[in-house]
Amino acid sequence: STIVLIFEAPEDFKFSVSTGQKVKVGEALGDV
Amino acid sequence: LANAWKDTPTKWYPLPVFVGALVLTALQYRRRVTEREVHVDENGQEVVRLKGPWQVHVLGALPLRNMSRLWGTVNSMELPVWFRPIGFRLYAWAFGCNIDEADQDDLTQYVSLGDFFYRKLKDGVRPVADTVLVSPADGRMLHFGAITDGRVEQIKGSTYSLDALLGIERPNSPKPTSVAFAARDMAEVDDRTFADINGIEYSLRDFLGTSTPPSPAASGTSTPTADAHDRARAGGLPAPNAKKHGEQIDASVSPDGPLADVVAHEASVAAEMGAQPFLDRARGMSRYAVKPGHGLYFAVIYLAPGDYHRFHSPTAWVVEKRRHFVGDLFSVSPWMVKRLENLFVLNERVALLGRWKYGFFGMVPVGATNVGSIKINFDQALRTNVGARRPPPTGTYSEAVYTAASPILRGQPLTKAEEMGGFCLG
């Protein structure tokens with residue numbers, strides 16, 4: 001199963017993860 | 001022939017330049033033609049078709065939906081009590097589950113593999129980060145980035161349409177009547193007053209404790225005015241936005257009863273979101289109207305069979321509607337993602353659409369062969385992976401609007417990391 005997030009954010013939004021990284025519920029994905 | 005093969009020396013020489021130029025031109029022409037090859041229906045909507053190598057077409061010929069339901073039925077069978085700890089430990093070992101995190105220490109309490117698969121976690125084992133966006137699930141980041149020209153990148157060089165994924169109509173296509181987002185809504189919401197649970201009207205801005213015009217910089221904490229406090233108390237409402245980011249509003253000032261809880265919950269979400277989204281709710285719903293200085297982003301998280309399979313809210317937001325797309329149930333493993341174009345548009349999925357502090361927010365749980373059933377906790381009417389003689393054509397969806405879920409936010413409010421639903425076996 002997969003979850004796709006689509007969202008609008010300011011252009012200075014930065015992802016704080018890398019491709020292939022394991023993540024857990026509540027872990028930071030990105031911030032403005 | 002043998003002598004010629006052995007003895008003839010290899011002699012390299014350059015091709016004439018015009019041959020190379022001809023080949024490059026042909027390749028370029030072929031690429032452009034392929035890029036333009038988008039099938040559309042009579043309404044101008046893109047028709048998504050199965051495209052990929054032969055393995056994909058072989059899989060496409062299988063009755064995946066029936067197989068998925070059979071898999072679910074088998075896994076919902078009650079297991080003998082003596083076998084449960086052995087079986088679940090074996091499963092955990094094979095798929096890398098951390099049983100210590102499960103809320104049930106006694107594995108005999110899980111009656112079937114499906115029950116174990118949908119296990120809850122102990123409180124506190126997943127700390128929530130203090131960022132605007134957190135992971136909604138345990139899994140692996142497959143891909144993320146910015147969306148350009150309405151196309152979401154599945155893998156490098158392969159994209160799918162955002163319109164097809166979410167069911168957003170093109171500007172010139174006829175809109176279904178249930179889609180009520182228009183510029184008109186923005187004007188209405190801008191200075192609207194709401195009747196609260198006691199019939200006393202109050203302004204949205206007062207409720208949220210914002211000045212006029214609202215500051216775009218409002219991010220989770222805003223300063224309530226004395227007037228707003230008084231009015232909220234007079235109307236039996238919780239003090240507007242009185243606490244800091246992430247804290248619960250003090251519900252002691254609100255009347256007893258379930259409705260009071262709903263209002264308190266809404267206020268909590270509103271406090272996290274800030275006031276801005278309410279004034280921009282219509283603009284946020286379409287990629288054609290992203291605010292200046294903003295962009296659209298995507299993130300794809302893959303849940304492996306051993307992962308915790310419930311999902312949580314990735315931010316504080318309001319879900320306004322859900323669109324259930326009945327589709328195929330291909331595997332969504334990274335192997336398949338690399339091979340099957342438009343995988344996420346072909347598969348059965350539930351698009352939850354709404355808004356957060358920066359505008360549009362959407363979350364799309366996508367089903368797969370082994371986990372075809374998607375549950376949404378606040379939507380008891382939703383039924384996924386249901387058998388039908390003839391499934392509807394790809395791209396069609398049924399829609400539910402959550403406007404009645406809350407009197408103020410006009411949608412289903414969710415706080416960050418709040419459990420939303422999950423994937424079930426079959």
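Numbers restart at 1 for each chain; the letters A, B, ... are given by sequence-line order, proteins then strands.
Heavy atoms only, all atoms of each residue included: B/Ala137 and A/Ile3 are closest at CB-CD1, 3.8 Å. Heavy atoms only, all atoms of each residue included: B/Trp356 and A/Ala9 are closest at CZ2-CB, 4.1 Å.
Side-chain contact between A/Val23 and B/Asp138 is absent, with no heavy atoms from C-beta onward closer than 4.5 Å.
A/Glu8 places a side-chain N or O within donor-acceptor distance of the main-chain N or O of B/Lys291, the cut-off being under 3.5 Å. Put simply, the side chain of A/Asp31 never gets that close to the backbone of B/Thr131: no donor and acceptor are under 3.5 Å apart. With hydrogens and angles disregarded, a donor-acceptor distance shorter than 3.5 Å links the side chain of B/Arg140 to the backbone of A/Gly20.
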Under the side chain to side chain contact (heavy atoms under 4.5 Å, CB included) rule, what do B/Phe361 and A/Ile6 come out as? Steps first, then yes or no, please. CA-CA 6 Å; B/Phe361 197 93; A/Ile6 307 279; over 6 Å; no
May I have the step-by-step check of side chain to side chain donor-acceptor pair (under 3.5 Å) for B/His309 and A/Ser1, ending in yes or no? CA-CA 9 Å; B/His309 261 73; A/Ser1 37; 3.0 Å; yes
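Here B/Lys338 pairs with nothing under the salt bridge (Lys or Arg N to Asp or Glu O under 4.0 Å) rule; sequence neighbours left out.
Of the listed residues B/Pro305, B/Gly367, B/Pro136, B/Gly139, the one with more heavy-atom pairs under 4.5 angstrom with chain A than any other is B/Gly139. Comparing A/Leu29, A/Val17, A/Thr19 by how many heavy-atom pairs each has under 4.5 Å with chain B, the most go to A/Leu29. For the set B/Pro314, B/Ala368, B/Gly293, the entry with the most heavy-atom pairs within less than 4.5 Å of chain A is B/Gly293. Across B/Pro365, B/Gly372, B/Ser135, the residue that shares the most heavy-atom pairs under 4.5 angstrom with chain A is B/Ser135. The most heavy-atom pairs under 4.5 Å with chain A, out of B/Gly145, B/Ser331, B/Ala304, come from B/Gly145.
Within a 6.0 Å sphere centred on CG of A/Asp12, other residues, nucleotides and ligands contribute more than 12 heavy atoms. Crowding of B/Lys122 atom NZ: a count of heavy atoms from other residues, nucleotides or ligands under 6.0 Å exceeding 12.
Neither the backbone nor the side chain of A/Ser16 comes within less than 4.5 Å of any heavy atom of chain B. Looking at B/Ala299, the atoms closer than 4.5 Å to chain A (heavy atoms on both sides) sit in the backbone and in the side chain alike. Neither the backbone nor the side chain of B/Val337 comes within less than 4.5 Å of any heavy atom in chain A. For chain A, the nearby part of B/Pro127 is the backbone; its heavy atoms alone come within less than 4.5 Å. Looking at B/Asp307, only its side chain comes within 4.5 Å of chain A, counting heavy atoms on both sides. Within the 4.5 angstrom heavy-atom criterion, atoms from both the backbone and the side chain of B/Tyr302 approach chain A.
How far CD of A/Glu27 is from CZ of B/Arg126: 9.0 Å, rounded to the nearest 0.5 Å. To the nearest 0.5 Å, atom OG1 of residue A/Thr2 and atom CD1 of residue B/Ile301 are 9.5 Å apart. Interatomic distance, OG1 of B/Thr315 versus CG of A/Leu5, reported as 10.0 Å (0.5 Å rounding).
Residues B/Tyr297 and A/Phe13 bring their aromatic ring centres within 6.0 Å.
Put simply, the residue from B/Val132, B/Ile147, B/Leu133 that forms a side chain to side chain contact (heavy atoms under 4.5 Å, CB included) with A/Phe7 is B/Leu133.
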